[in-house]
Amino acid sequence: MTGNSFSVSGYGPERAGWTRLFARDSLARRLDWPILFAALALSGIGSLLVFSATRNRTEINQGDQYYFLIRHIMNTGIGFALMIGTVWLGHRALRTAVPILYGASVFLILLVLTPLGSTVNGAHSWIVLGGGFSLQPSEFVKITIILGMAMLLAARVDAGDKPYPDHRTVLQALGLAAVPMLIVMLMPDLGSVMVMVIIVLGVLLASGASNRWVFGLLGTGAIGAIAVWQLGVLDDYQIARFAAFANPSLDPAGVGYNTNQARIAIGSGGLTGAGLFHGSQTTGQFVPEQQTDFVFTVAGEELGFVGAGLIIILLGVVLWRACRIARETTELYGTIVAAGIVAWFAFQSFENIGMTLGIMPVTGLPLPFVSYGGTSMFAVWVAVGLLQSIKVQRPMSA
């Protein structure tokens with residue numbers, strides 16, 4: 001047969017379609033596949049760890065051992081769809097929608113302070129939707145802070161008016177971030193505020209703003225932390241957590257229980273672990289919140305140093321590729337967004353793993369892609385979508 005449809009290497013329209021798909025300027029070739037595969041691998045490992053941690057916990061799994069496993073896979077699927085939607089819209093299109101997104105996120109966290117809000121593990125930071133579903137708006141605030149600050153700091157630089165953000169622009173960006181951070185502090189959700197502070201620092205460093213702002217923010221943060229402690233803004237359980245971090249032997253059966261049991265679980269895993277579903281600490285349900293905040297202990301106990309190390313390596317791949325995307329993009333806006341995501345993922349991963357090892361205070365932060373939790377899963381996959389969009393929309397080199 002003859003015809004233009006069959007002119008590509010003689011393999012017909014199917015071959016022509018695949019050739020277009022993987023052409024040098026195609027979407028598939030522009031995607032950052034290592035970061036995508038690493039994120040999917042982390043979510044897949046997380047599914048196994050969540051299943052191991054919850055299959056025997058009839059008090060929380062509704063009598064169905066697959067309850068959390070199915071939901072974790074569903075959350076990952078929804079998150080993946082959100083990533084695709086983010087890539088399709090593009091980070092530049094979202095740039096124009098920042099005021100709407102910012103207003104929506106602030107509105108949602110304000111709702112948490114109303115009777116619609118719900119308390120989970122001491123933090124009044126949730127909105128219960130019914131049917132076993134809940135929403136933690138502070139997770140989306142991390143994204144809107146990154147996008148909002150990037151929009152302000154890069155506006156005049158990308159337009160060619162300024163070589164770097166001026167002091168007035170930096171002050172506006174800090175004010176934009178301060179509003180939701182203060183609201184989240186009132187919940188109180190100290191862990192999320194800590195992440196947001198690191199995000200702000202990462203964004204400022206990437207923007208090219210004067211280092212005086214960075215050092216000034218660090219000094220202000222130190223003074224603010226002392227003031228928060230002295231004025232009694234923190235709840236008793238948060239103060240107790242910091243006290244237990246400073247003195248691990250303090251109240252080992254009470255506030256120090258989680259950290260002590262986490263250390264035992266990780267320490268018992270050795271090099272290769274006890275085997276999936278065979279960890280005595282996990283099977284015996286000794287570690288609280290093991291499917292969320294302390295999911296890394298399942299890896300340490302059942303997969304050992306090798307399995308836990310694999311998780312850290314995969315997180316490192318995500319951070320490495322995100323740093324590369326930030327470095328190689330030609331627009332400041334994209335650089336700031338990618339750098340903000342790097343700061344977010346890096347600190348939250350370090351804090352989560354650190355608190356299971358006892359080198360960081362317990363703050364209730366999930367491990368990106370691995371821990372069970374719908375809102376956190378959606379947020380990190382949207383962040384991956386932003387990274388992919390920055391990579392895809394970067395001009396191709398000759």
Side-chain angles (χ1 to χ4, degrees), residues 20-23 25-40 43 74-109 135-155 157-159 173 176-177 180 199 202-203 206-207 318 321-326 328-345 368-369 374-396:
R20 288 194 300 271
L21 180 62
F22 290 99
D25 61 346
S26 68
L27 174 63
R29 288 291 297 272
R30 286 178 174 237
L31 287 175
D32 193 296
W33 290 100
I35 198 173
L36 185 59
F37 286 142
L40 284 171
S43 293
M74 287 176 56
N75 290 337
T76 302
I78 295 172
F80 192 83
L82 290 172
M83 180 208 70
I84 295 174
T86 303
V87 176
W88 180 74
L89 287 172
H91 68 290
R92 293 171 184 162
L94 289 174
R95 182 177 187 170
T96 63
V98 164
I100 298 174
L101 297 174
Y102 180 81
S105 64
V106 171
F107 174 74
L108 286 174
I109 56 177
L135 182 71
Q136 190 177 15
S138 58
E139 291 293 331
F140 295 126
V141 170
K142 299 171 187 175
I143 297 174
T144 54
I145 285 178
I146 293 172
L147 293 176
M149 292 189 70
M151 179 192 70
L152 290 174
L153 293 169
V157 177
D158 283 339
L176 178 143
I199 287 174
V203 164
S207 71
V318 172
R321 299 304 297 185
C323 286
R324 183 170 179 174
I325 290 171
E328 294 182 352
T329 185
T330 57
E331 58 178 2
L332 181 60
Y333 175 72
T335 297
I336 294 175
V337 171
I341 294 171
V342 169
W344 166 15
F345 284 5
F369 304 103
T375 315
S376 61
M377 185 69 78
F378 303 157
V380 295
W381 275 107
V382 168
V384 171
L386 288 170
L387 292 171
Q388 294 287 11
S389 174
I390 296 167
K391 173 74 160 49
V392 165
Q393 295 187 20
R394 189 184 72 218
M396 295 291 288

Novice: Which atom pair, heavy atoms only, marks the closest approach of Ala322 to Ala338?
Specialist: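 Distance-wise, the nearest heavy atoms are O-CB, 4.1 Å.
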Novice: Would a distance-only check, ignoring hydrogens and angles, find a side-chain to backbone donor-acceptor pair under 3.5 Å from Thr329 to Ala326?
Specialist: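 Checked: no pair found.
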Novice: What are the two closest non-hydrogen atoms of Leu176 and Tyr102, and how far apart are they?
Specialist: O-OH, 2.6 Å
Novice: Under 4.0 Å between a Lys/Arg side-chain N and an Asp/Glu carboxylate O for Asp32 and Lys391?
Specialist: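 No, Asp32 and Lys391 are not salt-bridged.
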Novice: Measure the spacing between CE of Met151 and CG of Leu101 and express it to the nearest 0.5 Å.
Specialist: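 Separation between the atoms: 10.5 Å.
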Novice: Hey, what do you get for CD1 (Ile341) to CG (Leu386), rounding to the nearest 0.5 Å?
Specialist: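 CG of Leu386 is found 5.0 Å from CD1 of Ile341.
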Novice: Determine the minimum heavy-atom distance between Gly340 and Ile199, stating which atoms define it.
Specialist: O-CG1, 4.0 Å
Novice: Any donor and acceptor pair, going by atom type alone, linking the side chain of Ser389 with main-chain N or O of Gly385 inside 3.5 Å?
Specialist: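 No.
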Novice: What is the distance from atom CD1 of Ile100 to atom CG of Leu94, rounded to the nearest 0.5 Å?
Specialist: 10.5 Å
Novice: Using only atom types and a distance under 3.5 Å, with no angle test, would you say the side chain of Thr76 pairs donor to acceptor with the backbone of Ser43?
Specialist: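 Not a single qualifying donor-acceptor pair exists.
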Novice: Is there a donor-acceptor pair closer than 3.5 Å between any side-chain N or O of Tyr333 and the backbone N or O of Leu147?
Specialist: no
Novice: I need the Ile35 CD1 to Gln388 CD distance, nearest 0.5 Å.
Specialist: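 One gets 6.5 Å once the value is rounded to the nearest 0.5 Å.
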Novice: Just by distance, no angles: are the side chains of His91 and Glu331 close enough, under 3.5 Å, to form a donor-acceptor pair?
Specialist: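 The criterion, which ignores hydrogens and geometry beyond distance, is satisfied for Glu331 and His91.
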Novice: Hey, is CD1 on Ile84 packed in by over 12 heavy atoms from elsewhere, all under 6.0 Å?
Specialist: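 For Ile84, atom CD1 is crowded (more than 12 foreign heavy atoms under 6.0 Å).
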Novice: I'd like to know whether the aromatic ring centres of Phe345 and Phe369 sit less than 6.0 Å apart in this structure.
Specialist: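 Yes, the ring of Phe345 comes within the 6.0 Å limit of the ring of Phe369, centre to centre.
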Novice: Grab the two heavy atoms, one from Val141 and one from Pro180, that are nearest each other, plus how far apart they are.
Specialist: CG1-CB, 3.6 Å
